[in-house]
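Below is one structure, written out as structure tokens; comments come after it.
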2 protein chains.
Amino acid sequence: MTHPLFHPDAEEISLPAILTALGDETRLNIIAILARNGERAMTCGQFLELGSKTALSYHVAKLREAGVINVRPDGTKRLLTLRRVDLEGRFPGFLDSIIASANTIPLRENPIAANAADPAGETEWT
Amino acid sequence: MTHPLFHPDAEEISLPAILTALGDETRLNIIAILARNGERAMTCGQFLELGSKTALSYHVAKLREAGVINVRPDGTKRLLTLRRVDLEGRFPGFLDSIIASANTIPLRENPIAANAADPAGETEWT
DNA sequence: TCCTTTGTTCAATGATCCTTGAACTATTGA
DNA sequence: TCAATAGTTCAAGGATCATTGAACAAAGGA
């Protein structure tokens with residue numbers, strides 16, 4: 001690995017950058033689903049209903065570079081997690097209000113939300 | 001007046017639209033200053049340090065169309081106010097978290113913030 | 001080793017964004 | 001009526017954005 005994936009330091013996360021990153025339906029769906037999934041990491045492949053492989057790669061990079069998510073290589077996969085602590089420290093209450101609001105989006109605009117909710121947390125992702 | 005200024009109904013305000021509207025330094029400054037100004041309305045002209053007349057007109061329209069601010073004609077002026085109640089009803093906690101965070105932006109990125117703060121509320125706007 | 005899985009990179013395309021200056025409208029006050 | 005004030009509209013420009021398909025790379029399993 002010549003260079004690890006870039007992540008801004010917590011104190012460098014900028015509000016306009018975060019707002020821009022989240023001002024897109026696909027990316028908003030990604031973080032809403034990540035949030036519903038609790039602390040469990042998810043892979044890019046679990047979001048394929050939201051777009052093509054290439055498009056997801058693009059949007060995930062946007063979220064990562066803005067400081068919204070952390071991306072950690074794991075074999076051929078990438079494990080995505082929300083940067084909850086960093087975001088709460090920098091912009092208190094912001095992420096929670098976004099997530100609460102995003103969860104009110106109708107399911108037909110949010111196709112895999114039902115799967116992501118998965119209260120038992122025992123879904124076998126393929 | 002052939003058509004009054006368009007404002008989305010409160011229940012039509014969309015989260016991605018708001019996030020996109022606020023994902024711009026100029027527009028974020030506008031709402032931060034509006035917020036610091038309390039309930040008092042402000043005119044476009046009071047934001048001229050943030051950009052040209054044309055640019056301000058553009059950004060104010062974006063904020064209005066997204067449902068972030070209300071714009072009311074008053075003579076040759078436009079009176080701008082935050083749609084606090086509508087936003088709080090639709091996305092609880094969101095606006096407050098944005099405003100609190102935006103107020104931490106250094107003043108050199110936020111040139112007229114010192115004026116807008118104006119605790120006595122007695123500034124003579126020219 | 002070969003194949004599969006998972007995701008990235010690249011170039012191309014069309015769409016949208018932000019800024020600018022010039023011209024314009026509408027309202028107010030002298 | 002005339003001029004000043006406040007803001008809008010328009011067309012043009014360059015910049016950035018989101019999507020696509022093809023090619024690529026890296027890791028793991030058979």
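In what follows, every heavy atom counts, from backbone to side chain, and hydrogens, waters and symmetry copies are set aside. Naming: A, B, ... by sequence-line order, numbering from 1 per chain.
- Atom-to-atom, CZ of A:Arg78 to P of D:dG28 comes out at 11 Å; the value is rounded to the nearest Å.
- B:Thr81 places no side-chain N or O within 3.5 Å of a backbone atom of B:Ala41 that could act as its donor or acceptor partner.
- In this structure, B:Ile69 and B:Val71 have side chains that are in contact, with non-hydrogen atoms separated by less than 4.5 Å.
- Atom OH of A:Tyr58 and atom C1' of C:dA15 are 12 Å apart (whole Å).
- Nearest-nucleotide assignment on DNA chain D puts the 5′-proximal partner with B:Val60, out of A:Lys62 and B:Val60.
- In this structure, B:Lys77 reaches the sugar-phosphate backbone alone: every heavy-atom distance under 4.0 Å involves primed, P, OP1 or OP2 atoms, never a base.
- Here the C1' atom of nucleotide C:dT6 and the CG atom of A:Leu56 are 12 Å apart, to the nearest Å.
- The side chain of A:Ser57 places an N or O atom within less than 4.0 Å of a non-bridging phosphate oxygen (OP1 or OP2) of C:dT8.
- Whole-Å rounding puts the A:Glu25 CD to C:dT16 P distance at 14 Å.
- You'll find that the side chain of B:Thr26 is closest to C:dT19, out of C:dA26, C:dT8, C:dT19.
- To the nearest angstrom, C1' of C:dT8 lies 10 Å from CG of A:Leu5.
- The 5' end of DNA chain D is approached more closely, in terms of each residue's nearest nucleotide, by A:Asp24 than by the other of A:Asp24 and A:Gly75.
- Rounded to whole angstrom, the span from the NE2 atom of B:His59 across to the P atom of C:dC18 amounts to 6 Å.
- Atom pair A:Phe6:CZ and C:dT8:C1' shows a separation of 18 Å (rounding to whole Å applied).
- Here the side chain of A:Asp24 pairs a donor or acceptor atom with the backbone of A:Thr26 at under 3.5 angstrom.
- Put simply, CD on A:Glu65 is 13 Å from C1' on C:dT9, counting in whole angstrom units.
- Relative to the side chain of A:Thr54, the nucleotides D:dT19, D:dG21, C:dC18 differ in distance, and D:dG21 lies closest.
- Ranking C:dT28, C:dC18, D:dT20 by closeness to the B:Thr76 side chain, first place goes to C:dT28.
- Contact annotation: the side chain of B:Arg72 never approaches that of B:Arg78 to less than 4.5 Å [non-hydrogen atoms, C-beta and beyond].
- Side-chain atoms of A:Thr43 lie closest to C:dG7 of the nucleotides C:dG7, D:dT8, C:dT20.
- Side-chain contact between A:Leu79 and A:Met42: absent, with no pair of heavy atoms (C-beta onward) separated by less than 4.5 Å.
- Distance from the side chain of A:Ser52 is smallest to D:dT20 among D:dT20, D:dT8, D:dA18.
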